[in-house]
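To start, the structure itself, in structure tokens.
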Amino acid sequence: MSLQAILYTPTPPALQILDQLKLPHESVYVPICTCEDAYDAIKRMVVRGAPAIAIVAALALAVELSSGGLPSEVGESAGDARAYVHRRLDYLVQSRPTAVNLADAAGKLKAVVSAEAGTAEAVVGRYVEAAEKMLVDDVMDNENIGRFGAEWILENAKVGEGEEKGMVAVLTHCNTGSLATAGYGTALGIIRSLNSRSNLTHIYCTETRPYNQGSRLTAFELVHDKIPATLITDSMASSLMSLKSIAAVIVGADRVAANGDTANKIGTYQLAIVAKYHGVKFVVAAPTTSIDMKTASGKDIVIEHRPGKEVTNVETVATAARGINVYNPSFDVTPKGLIDAIVTEKGVAVKDAGGDFGLSRFF
Ligand SMILES: CSC[C@H]1O[C@H](OP(=O)(O)O)[C@H](O)[C@@H]1O
């Protein structure tokens with residue numbers, strides 16, 4: 001049975017998320033009944049992953065509207081309903097700033113309700129229908145990313161010879177699987193596709209300090225799926241690429257700027273530098289919901305900084321000297337020059353002779 005970060009039923013309207021702060025030790029689902037529940041869960045990273053947080057936010061409002069309808073103080077007109085939906089989405093978008101998926105979903109949902117000229121009930125109905133479609137679409141997008149990414153790597157990366165003819169070993173960072181999306185995953189979706197085609201010899205996953213998405217979540221998914229995998233600390237990645245034949249580094253994205261610069265989990269940028277040095281392909285897996293054509297380049301991407309306790313503590317145990325200052329940016333930006341391919345559900349973008357990814361063709 002595949003792992004699911006998000007459980008949703010339309011009737012009765014109910015949303016539950018897997019508490020990722022408790023993984024890998026416990027698999028506990030927690031109910032999300034209101035936008036406040038969703039905001040808190042996203043902020044505290046009970047649920048995380050660029051696509052997953054967008055879908056949880058969208059469905060939380062769907063459950064809130066389906067369960068209790070519009071609050072009495074909102075009014076009964078379609079205009080009142082539209083304004084209320086806009087306000088709730090604006091609130092949810094503030095929960096985490098770097099991943100564009102949340103703002104992208106909010107913008108699309110606002111457009112849907114703004115186009116509904118009927119009654120307040122019709123506005124609510126259109127919203128719920130559009131939010132539910134995001135859950136379904138994300139899985140299909142990830143399966144397409146998996147297929148396109150596996151094909152590109154096998155055609156363009158250093159594949160094995162002899163006994164490992166046509167096979168590849170790859171490295172991934174953070175968690176981009178079923179625990180970061182509605183299912184299957186983006187970068188991990190490519191890895192699942194390589195594995196299902198029997199073209200994967202091994203995957204190395206980084207621990208991904210300080211939240212440990214790699215050791216706690218990606219390792220959990222790979223063991224669950226019985227995919228041959230090895231966990232390394234973040235500091236081992238350059239040595240691994242110097243000693244092992246790694247065909248590609250495959251990572252996710254929180255926000256791909258219009259020029260291809262990519263914000264992703266902290267530590268991604270240094271992996272791209274090391275990959276370039278060792279001639280290893282560097283592949284970004286990003287649904288078009290992670291591409292922000294309104295942000296020109298990486299320098300314009302807001303980087304979330306998180307509490308120092310994520311660095312000084314492992315769960316409740318303090319491991320750092322009390323009183324030390326902490327620098328804890330949750331993301332960094334990899335410049336487009338270090339990226340060989342951006343794999344979307346609509347196809348693979350590579351740079352032209354002028355260094356342009358031409359991402360506008362996907363919109
Ligand atoms: C397909 S998930 C994309 C992206 O989201 C993760 O960030 P976080 O765990 O802080 O939500 C990570 O950067 C993944 O690469």
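Each ligand, and each atom within it, is numbered from 1 in the order the structure gives. We number each residue from 1, following the sequence as shown.
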| request: Using modelled atom types only, decide if a donor and an acceptor are shared between the side chain of Asp80 and the backbone of Ser77 within a distance under 3.5 Å. | output: yes

| said: Is it the case that the side chain of Asp332 and the backbone of Ala263 share a donor-acceptor pair, with hydrogens and angles ignored and the cut-off at 3.5 Å? | reply: no

N/O to N/O under 3.5 Å, ligand 1 against protein:
unit_1   : atom_1 : unit_2 : atom_2 : d
ligand 1 : 5 (O)  : Ala50  : N      : 3.4
ligand 1 : 5 (O)  : Asp254 : OD2    : 3.0
ligand 1 : 9 (O)  : Arg48  : NE     : 2.9
ligand 1 : 9 (O)  : Arg48  : NH2    : 3.2
ligand 1 : 9 (O)  : Gln213 : NE2    : 2.9
ligand 1 : 10 (O) : Arg96  : NH1    : 3.4
ligand 1 : 10 (O) : Arg96  : NH2    : 2.9
ligand 1 : 10 (O) : Lys265 : NZ     : 2.7
ligand 1 : 11 (O) : Gly49  : N      : 2.8
ligand 1 : 11 (O) : Arg96  : NH1    : 3.0
ligand 1 : 13 (O) : Asp254 : OD1    : 2.5
ligand 1 : 13 (O) : Asn264 : OD1    : 3.2
ligand 1 : 13 (O) : Lys265 : N      : 3.1
ligand 1 : 15 (O) : Asn264 : OD1    : 2.6

| query | Has the side chain of Ser66 got a donor or acceptor atom that lies under 3.5 Å from a matching backbone atom of Ala62? | reply | yes

| Please, which pairs that meet salt bridge (charged side-chain N to carboxylate O under 4.0 Å, His left out) have at least one residue in residues 9-25, sequence neighbours excluded? | Asp19-Lys22

| field | Under 3.5 Å donor-acceptor, Asp340 side chain and Phe282 backbone | value | yes

| Taking the six-membered ring for Trp, are the ring centroids of Tyr204 and His202 within less than 6.0 Å of each other? | yes

